[in-house]
Amino acid sequence: MALSGEILKSDASHQGPGHHSFVRTPAGDWLIVYHRWDQRSGTGPLKGERQVAIDRVRYGTDGSIAPIAMTDGDDAPMLPRIGRRRE
């Protein structure tokens, strides 16, 4: 499959994204982890602190990655909590 297009880009509320990684959950779902800024418009340098964000990765029927929507709050996926094991 040839590479084409953007899968994650700035939107009306967020600037960035940058430095992403893909993670597979224990349930087999794919997520993208990246950083962004909460800033509506403008060009760099961006002000404020970067935020780490996690969003779902979905695929088209042809196997390509569908465009990813940046989410906030309850709409963002949560990773399972992994606690320390007692011995």
Side-chain angles (χ1 to χ4, degrees):
M1 176 180 298
L3 301 176
S4 66
E6 295 175 309
I7 60 167
L8 183 62
K9 62 182 180 177
S10 297
D11 63 18
S13 299
H14 308 97
Q15 292 289 318
H19 306 295
H20 64 276
S21 293
F22 289 93
V23 179
R24 193 169 198 177
T25 70
D29 299 318
W30 284 98
L31 304 173
I32 186 170
V33 181
Y34 60 96
H35 72 256
R36 67 184 183 200
W37 289 262
D38 278 344
Q39 185 172 333
R40 296 186 195 287
S41 62
T43 59
L46 299 175
K47 296 182 173 100
E49 296 182 11
R50 290 188 301 187
Q51 298 176 343
V52 174
I54 302 172
D55 283 303
R56 291 173 186 83
V57 178
R58 292 186 172 41
Y59 296 90
T61 55
D62 64 353
S64 63
I65 298 173
I68 297 168
M70 293 187 190
T71 57
D72 289 303
D74 291 340
D75 292 332
M78 298 289 289
L79 292 175
R81 187 170 193 168
I82 300 172
R84 290 177 59 185
R85 291 176 53 179
R86 292 188 170 176
E87 296 182 23

Using every non-hydrogen atom in the two residues, find where [X] and [Y] come nearest and quote the distance to one decimal.
X     : Y     : answer
Gly16 : Ser10 : O-OG, 2.8 Å
Pro77 : Ile54 : CD-O, 3.2 Å
Ile68 : Arg56 : CG2-O, 3.7 Å

Approximate separation, where rounding is to 0.5 Å, of [X] [atom1] and [Y] [atom2]:
X     : Y     : atom1 : atom2 : answer
Arg50 : Trp37 : CZ    : CH2   : 5.5 Å
Asp55 : Met70 : CG    : CE    : 8.0 Å
Glu6  : Ile65 : CD    : CD1   : 13.0 Å

According to salt bridge (charged side-chain N to carboxylate O under 4.0 Å, His left out), who are the partners of Asp29, at least two apart in sequence or on a separate chain?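 Asp29: no salt bridge (charged side-chain N to carboxylate O under 4.0 Å, His left out) contacts found.
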Test side-chain contact (heavy atoms from CB on, under 4.5 Å) applied to Pro17 and Val33, Ile32, Leu8, the passing residue: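 Among the candidates, only Leu8 passes.
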Output yes when Arg36 and Asp11 qualify as a salt bridge under the 4.0 Å nitrogen-oxygen rule, no when they do not.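 Here Arg36 does not pair with Asp11 in a salt bridge, since their nearest N and O are not under 4.0 Å apart.
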